[in-house]
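Below is one structure, written out as structure tokens; the observations come after it.
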2 protein chains.
Amino acid sequence: MISQTEENYLKALFALTSTKGEASVNELSKMLDIKMPTVNGMMKRLSEKDFVIYESYKPLKLTEKGRKEASLIIRKHRLTEMYLVEKMGFGWEEVHDIAEQIEHIQSPAFFAKMDEILGFPEVDPHGSPIPDENGKVIVKDFDRLSDCESGDVVKFMAVKPSSEELLKFLNSRELVLGAVITIQSVELFDKSMSVNYAHREMEVLSNMVCEKLLVEHVAK
Amino acid sequence: MISQTEENYLKALFALTSTKGEASVNELSKMLDIKMPTVNGMMKRLSEKDFVIYESYKPLKLTEKGRKEASLIIRKHRLTEMYLVEKMGFGWEEVHDIAEQIEHIQSPAFFAKMDEILGFPEVDPHGSPIPDENGKVIVKDFDRLSDCESGDVVKFMAVKPSSEELLKFLNSRELVLGAVITIQSVELFDKSMSVNYAHREMEVLSNMVCEKLLVEHVAK
DNA sequence: CAATATTGTTAGATTGTACTAATAATTTGT
DNA sequence: ACAAATTATTAGTACAATCTAACAATATTG
């Protein structure tokens, strides 16, 4: 059996290792806001249980078992977020904290039902992919809007996990997933962009915002 | 703050005290399947936190604060059961264990949304009343079917909390809440009843079953 | 490359939630 | 009413998950 606490460590480690494949105790400690010695001890426990590869002074890695376990928790989290938005009427900025709790519910039937009711969605309300029942994820590597150029026409596909505030900002600009964005111009000194989308024209998006928006180039 | 463990003790104590107003450490211990010394210690903790009135060798009582807290957990439990049945398509025999977990979710918005979507239901799928946001419950004292007599015409209003098996048995007999039951006869030696309801005639219900079914007498 | 800063580890304490064994108080039954 | 049974409590242990303080290893940088 695996505790909620352990699940949270695995999830955080999964997020940290998804880029470089490894992470430090220090990074994990900061991400979870738990002191290093505590994290260290937990890494030993999780390595004992074969979820983590831990060797003194070496970077942390997840085992295949650990990766799968983490993916399945993320699956439950993202299915829940989708359910809350699609079936209960929550805004995409409201669902993270609730899903953070519901992801620990032990009931395959419950999540299977959600999945079915939602019609087996592939992404959550923020565009992040939902791992399948075996923990497999199809990762699409979108471009950051901030890496695009003036004249590009792109489709808004996902938001990088960030603050509720960013989501509220996007709400206020009516910038929703799927929107087709045309980049009118890019400011040289601060890299802010003027963009058009839907019925909105010349909306200015700061570079901080553009770095969080993931897009796909649209055929010209 | 109150832990999930503490919530479970409060809920159990609430159930036990709802009849006589008090309960013993021993009863609580049996109900929770936790040894008496552990229960004893927890009672001290909960009395420290002003949820329970605890004095050595005296019966346990809930404080008003404790009663309210417990009611609100039961509210979350029953709202969840209703939601699972009405909105997700689960059977009434499947929802207890899931609700047992979801009742600990901390998110007033989540339960408010459930409540709203359900249209502010007053009872759960087993006919048990759902406490309001202030922890107030309207307890109707139904009769047990086992206390009725031959010739009585009654309406099936609720099932006493019991096993999944009883609920499955009722499913198999198509005996649902709201059914109007006519008692044809009562066996003297084992108190089993022959009843009619809906399109079913002369169904035999053992006394064990009849004791679990709560009914309301219908105008003759 | 040595001094300094950062990161990682060990040791020991604390809190919450459980247990067993021993003892004490209360209740029951003859 | 007293012995026996039941129930309650205390004392001591264990483990999970956290912390701080002290120390060790690795990394950075002048």
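The structure presented is a predicted model; accordingly, all values stated were derived computationally and were not measured. Chain letters run A, B, ... following the sequence lines, proteins first and then strands; every chain starts at 1.
Here the P atom of nucleotide dT7(D) and the CD atom of Glu55(B) are 21 Å apart, to the nearest Å. One interatomic measurement links the two molecules: CG of Leu32(B) to P of dT17(C), which rounds to 13 Å at whole-angstrom precision. At whole-Å resolution of the value, CG in Leu10(B) and P in dT17(C) are 11 Å apart. Distance, Asp33(A) CG to dC19(D) P: 8 Å, rounded to whole Å. Between the C1' atom of dT7(C) and the OH atom of Tyr54(A) lies a distance of 12 Å, rounded to the nearest Å. Atom CG in Asn40(B) sits roughly 12 Å away from atom C1' in dA24(C) (whole-Å rounding). Distance Asn26(A) CG to dT9(C) P: 11 Å, rounded to the nearest Å. To the nearest angstrom, C1' of dT17(C) lies 15 Å from CD of Glu7(B).
Annotation: of the two residues near DNA chain C, Ile34(B) and Lys49(B), the 5′-most nearest-nucleotide partner is Lys49(B). Heavy-atom distances to DNA chain D give each of Lys30(B) and Glu6(A) a nearest nucleotide, and the one nearer the 5′ end belongs to Lys30(B).
Within the structure, every side-chain polar atom (N or O) of Arg45(B) is placed at least 4.0 Å from both OP1 and OP2 of dT15(C). Taking 4.0 angstrom as the limit, Ser56(A) places a side-chain polar atom (N or O) nearer than this to OP1 or OP2 of dT9(C). Under 4.0 angstrom from either OP1 or OP2 of dG16(C) there lies no side-chain N or O belonging to Tyr9(B). In this model, the phosphate group of dC19(D) is approached by a side-chain N or O of Thr38(A) to a distance below 4.0 Å at OP1 or OP2.
Defined by atom type and a distance below 3.5 Å, a donor-acceptor pair is missing between the side-chain atoms of Ser24(A) and Asn26(A).
Within 4.0 Å (heavy atoms only), Thr5(B) reaches sugar-phosphate atoms of the nucleic acid but no base atom. Lys44(A) comes within contact range of the sugar-phosphate backbone alone, with a heavy-atom separation under 4.0 Å but no base atom that close.
Here the nucleotide nearest the side chain of Pro37(B), chosen from dC19(D), dG8(C), dT20(C), is dT20(C). Listed nucleotides: dC19(C), dT7(C), dT17(C). Nearest to the side chain of Lys35(B): dC19(C). In the set dT17(C), dA17(D), dT9(D), the nucleotide with an atom closest to the side chain of Met36(B) is dT9(D). Relative to the side chain of Tyr57(B), the nucleotides dT17(C), dT26(C), dA24(D) differ in distance, and dT26(C) lies closest.
The CD atom of Glu22(B) sits 9.0 Å away from the CG atom of Leu60(B) when rounded to the nearest 0.5 Å. Atom CE of Met114(B) is separated from atom CD of Glu86(B) by 12.5 Å, given to the nearest 0.5 angstrom.
Thr80(B) places no side-chain N or O within donor-acceptor distance of the main-chain N or O of Glu103(B), the cut-off being under 3.5 Å.
The shortest distance between side-chain heavy atoms of Thr17(A) and Lys61(A) does not fall below 4.5 Å.
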